[in-house]
Colleague: 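One structure follows; several queries about it will come next.
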Amino acid sequence: MIRWGLCCVFREAPIKFGDTTAAAIARLDRPAGREKLARLCRQNAASLAAAVEYCAEHGIGCFRVNSRILPLCTHPQFGYRLEELPGGKEIVAQFRACRKAAKRRGLRLSFHPDQFVVLNSPRADVVEASIRELEYHATVAEWIGADVINIHAGGVFGNRAAALDAFAENFARLSRPARSRLTIENDDKLFAPAQLLPLCRRLGIPLVYDVHHHRCLADGLSVAEATAEALSTWNREPLFHISSPINGWDGPQPNRHHDEVDPRDFPRCWLPLDLTVEVEAKGKEPAVLKLKQAIDRRLRRRTSAW
DNA sequence: AGCGGTCAAGTTGAT
DNA sequence: ATCAACTTGACCGCT
């Protein structure tokens, strides 16, 4: 069975996650700023609970949690530990309740930290900030029961092999909760599956196979081959990504995402798998449900033809 | 109430 | 040298 994944936000369902800016917090005195951050965290815990319920009710089996679920948590000036904010312990309990709800509803949760996490950067300050960010993700992941924290391999910095070695070195500095959840994803510009698979095996971490990126950045592996190789890196249900190009495969900027996913872009070889597929589409939950229905129809045709 | 510019952070490659 | 792109909008100050 395919478990369908929704990324971060809702387009039609009335579920909103709150956010703020460092500039806005800087304008407040410290108590007011911490009150505001606590309010946003409380709102986001409630919204995550609502997201879990919505997904479970609508046949969406996985939800990717936005990295800003605790706004500015790792900010050098305004960062905080949630337990220390006003009412923070209760908010942590709200997040822990999301874990129970997700488990009860069979929902998988994941993270995809943003582009500022560059574990293999030659800049020590960037690596420190990246580790801090991944440890924050791991903390929240433990609260809510997320089993995937997915990042890209990072930059090339003039030497691909050295860049992958640097990733491995800094990976070793992560805590066990972070390491056990970390996954890497092939990207559309620098690292294709064939380059990441050896690193995955060396570190014992899974490859999140993004077939759209693979179609943008080829490596000699077919989709079926990359699928098989990626599957073998997983010690739990594999998680892959799907999306469609905004202007078609022959149009400009084929790496940019369309609002919806063309069912023809869904690899045939994924159909029989037990697999989580996160749908990266601006169309959000309607796009996920539309693709799910199209693939369900295809599966029924296949079954009846049998 | 609605609008548009802005938002902590990195790296790459297109212009 | 600047800027958009990336997992993605939401905030906030202005009218």
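Reminder, nothing fancy here: chain letters follow the sequence lines and each chain counts from 1. Since the model is a prediction, treat every value here as computed from it, not as a measurement.
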Colleague: Can A/His214 and A/Asp219 be said to form a side-chain hydrogen bond (donor to acceptor under 3.5 Å, both in side chains), step by step?
Modeller: CA-CA 8 Å; A/His214 193 206; A/Asp219 56 2; 2.7 Å; yes
Colleague: Considering heavy-atom distances to DNA chain C, does A/Ala281 or A/Gln43 have its closest nucleotide positioned more toward the 5' end?
Modeller: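 Nearest nucleotide further toward 5': that of A/Ala281.
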Colleague: Between P on B/dA9 and CG on A/Asp19, what's the gap in Å once rounded to a whole number?
Modeller: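 Spelled out: CG on A/Asp19 to P on B/dA9 is 14 Å.
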Colleague: Taking the P atom in each of B/dA8 and C/dG13, what is the distance between them to the nearest angstrom?
Modeller: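 About 12 Å, rounded to a whole number of Å.
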Colleague: Report the distance from atom CD of A/Gln115 to atom P of C/dT8, rounded to the nearest whole Å.
Modeller: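 Distance, rounded to whole Å: 10 Å.
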Colleague: Roughly how many Å is it from CD1 in A/Ile242 to C1' in C/dT7, rounded to a whole number?
Modeller: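 So the two atoms are 15 Å apart, to the nearest Å.
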Colleague: Is any N or O donor-acceptor pair between the side chain of A/Thr20 and the base of C/dA10 shorter than 3.5 Å?
Modeller: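 When only heavy-atom distances are counted, A/Thr20 does not reach the base of C/dA10 through any donor-acceptor pair under 3.5 Å.
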Colleague: So A/Asp114, base contact, sugar-phosphate only, or nothing? Heavy-atom distance under 4.0 Å.
Modeller: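 Since a base atom lies under 4.0 Å of A/Asp114, the category is base.
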Colleague: Go through the steps for A/His112 and A/Glu185 under the test side-chain hydrogen bond (donor to acceptor under 3.5 Å, both in side chains), then give the verdict.
Modeller: CA-CA 10 Å; A/His112 194 347; A/Glu185 174 188 352; 3.1 Å; yes
Colleague: Touch check for A/Gly154, heavy atoms < 4.0 angstrom, all strands: base, sugar-phosphate only, or nothing?
Modeller: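 No contact.
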Colleague: Is the distance from OP1 or OP2 of C/dG13 to the nearest side-chain N or O of A/Arg27 less than 4.0 Å?
Modeller: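 Answer yes for this pair, as a side-chain N or O of A/Arg27 is under 4.0 Å from OP1 or OP2.
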Colleague: Looking only at side-chain atoms of A/Thr74, point me to the closest of C/dA10, B/dA9, B/dT11.
Modeller: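 So the side chain of A/Thr74 is nearest to B/dA9.
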Colleague: Is the distance from OP1 or OP2 of B/dT11 to the nearest side-chain N or O of A/Ser121 less than 4.0 Å?
Modeller: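 Checking B/dT11 against A/Ser121, a side-chain N or O does come within under 4.0 Å of OP1 or OP2.
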Colleague: I need the CZ-P distance between A/Phe17 and C/dC11, as an integer number of Å.
Modeller: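 Rounded to whole Å, this separation is 12 Å.
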Colleague: Return yes when atom CZ of A/Arg264 has more than 12 non-hydrogen atoms of other residues, nucleotides or ligands closer than 6.0 Å, and no otherwise.
Modeller: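 No, the 6.0 Å shell around CZ holds no more than 12 heavy atoms from other groups.
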Colleague: Among C/dT8, B/dA8, B/dT11, which nucleotide has an atom closest to any side-chain atom of A/Ala23?
Modeller: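 Among the listed nucleotides, the one closest to the side chain of A/Ala23 is B/dA8.
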Colleague: Base, sugar-phosphate or nothing for A/Leu72? Non-hydrogen atoms, less than 4.0 Å.
Modeller: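 It contacts base atoms.
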Colleague: OP1 or OP2 of C/dT7 sitting under 4.0 Å from any side-chain N/O of A/His152?
Modeller: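 It does, given that an N or O in the side chain of A/His152 lies less than 4.0 Å from OP1 or OP2 of C/dT7.
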Colleague: Figure out the CZ/P separation between A/Arg11 and C/dA10, and round it to whole Å.
Modeller: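 About 12 Å, once rounded to whole Å.
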Colleague: For the residue pair A/Glu35 and A/Pro31, establish whether any side-chain heavy-atom pair is separated by less than 4.5 Å.
Modeller: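 Side-chain contact under 4.5 Å: no.
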Colleague: Would you kindly give the CG-to-P distance between A/Asp188 and C/dA4, to the nearest whole Å?
Modeller: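 About 18 Å, once rounded to whole Å.
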Colleague: Within less than 4.0 Å of OP1 or OP2 of C/dT7, is there a side-chain N or O belonging to A/His213?
Modeller: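 True: A/His213 side-chain N/O within range (under 4.0 Å) of C/dT7 OP1/OP2.
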Colleague: Tell me the interatomic distance from A/Glu280, atom CD, to C/dG9, atom P, rounded to whole angstroms.
Modeller: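 Interatomic distance, CD of A/Glu280 to P of C/dG9: 12 Å.
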Colleague: Determine whether the aromatic ring of A/Phe116 stacks with the base of B/dA9, defined as ring centroids separated by less than 5.5 Å and ring planes inclined by less than 30°.
Modeller: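 It does: the ring sits over the base of B/dA9.
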Colleague: Is the distance between the ring centroids of A/Phe111 and A/Trp143 under 6.0 Å?
Modeller: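 No - the distance between ring centres of A/Phe111 and A/Trp143 does not fall below the 6.0 Å cut-off.
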Colleague: Tell me what A/Val156 touches on the nucleic acid: a base, only sugar-phosphate, or nothing, going by heavy atoms under 4.0 Å.
Modeller: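 Sugar-phosphate contact only.
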Colleague: Using distance alone, with no hydrogens and no angle criterion, decide if A/Glu285 and A/His58 have a side-chain donor and acceptor under 3.5 Å apart.
Modeller: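 Judged by distance alone, the side chains do not pair up.
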Colleague: Between A/Lys36 and C/dC12, is there a contact of a side-chain N or O with OP1 or OP2 at under 4.0 Å?
Modeller: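 For A/Lys36, the contact criterion (side-chain N or O under 4.0 Å from OP1 or OP2 of C/dC12) is met.
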Colleague: Give one of base, sugar-phosphate or nothing for A/Glu278, where a contact means two heavy atoms less than 4.0 Å apart.
Modeller: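 The answer is nothing, as A/Glu278 stays clear of every strand by at least 4.0 Å.
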Colleague: Looking across every strand, which nucleic acid part, if any, lies under 4.0 Å from A/Ala24 by heavy atom: base, sugar-phosphate, or nothing?
Modeller: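 Since only primed, P, OP1 and OP2 atoms lie under 4.0 Å of A/Ala24, the category is sugar-phosphate.
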Colleague: Looking only at side-chain atoms of A/Val9, point me to the closest of C/dA10, C/dT7, B/dA9.
Modeller: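 Nearest to the side chain of A/Val9 among the choices is C/dA10.
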Colleague: Nearest whole angstrom, please: distance from the C1' of C/dT8 to the NZ of A/Lys16.
Modeller: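 To the nearest whole Å, that distance equals 12 Å.
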Colleague: Please give the distance between the P atoms of C/dC12 and C/dT8 as a whole number of Å.
Modeller: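 These two P atoms come out 23 Å apart once rounded.
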Colleague: Suppose we define a pair by two distances each less than 3.5 Å, Watson-Crick or G-U wobble; what does C/dA4 pair with here?
Modeller: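 Pair assignment: C/dA4 / B/dT12.
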Colleague: What interatomic distance, in whole Å, is found between P of C/dC3 and the corresponding atom of C/dT7?
Modeller: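 To the nearest whole Å, 22 Å.
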Colleague: Mind checking who C/dC12 pairs with, Watson-Crick or G-U wobble, both distances under 3.5 Å?
Modeller: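 Result: B/dG4.
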Colleague: May I ask you to evaluate whether A/Arg123 reaches the phosphate of B/dT11, defined as a side-chain N or O under 4.0 Å from OP1 or OP2?
Modeller: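 So the side chain of A/Arg123 is within the cut-off, an N or O lying under 4.0 Å from OP1 or OP2 of B/dT11.
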Colleague: Look at the aromatic rings of A/Trp270 and A/Tyr209 and report parallel, tilted or perpendicular, splitting at 30° and 60°.
Modeller: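 Because their plane-to-plane angle is over 60°, the rings of A/Trp270 and A/Tyr209 count as perpendicular.
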Colleague: Which part of the nucleic acid does A/Pro76 contact within heavy-atom distance under 4.0 Å: base, sugar-phosphate only, or nothing?
Modeller: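 Touches a base.
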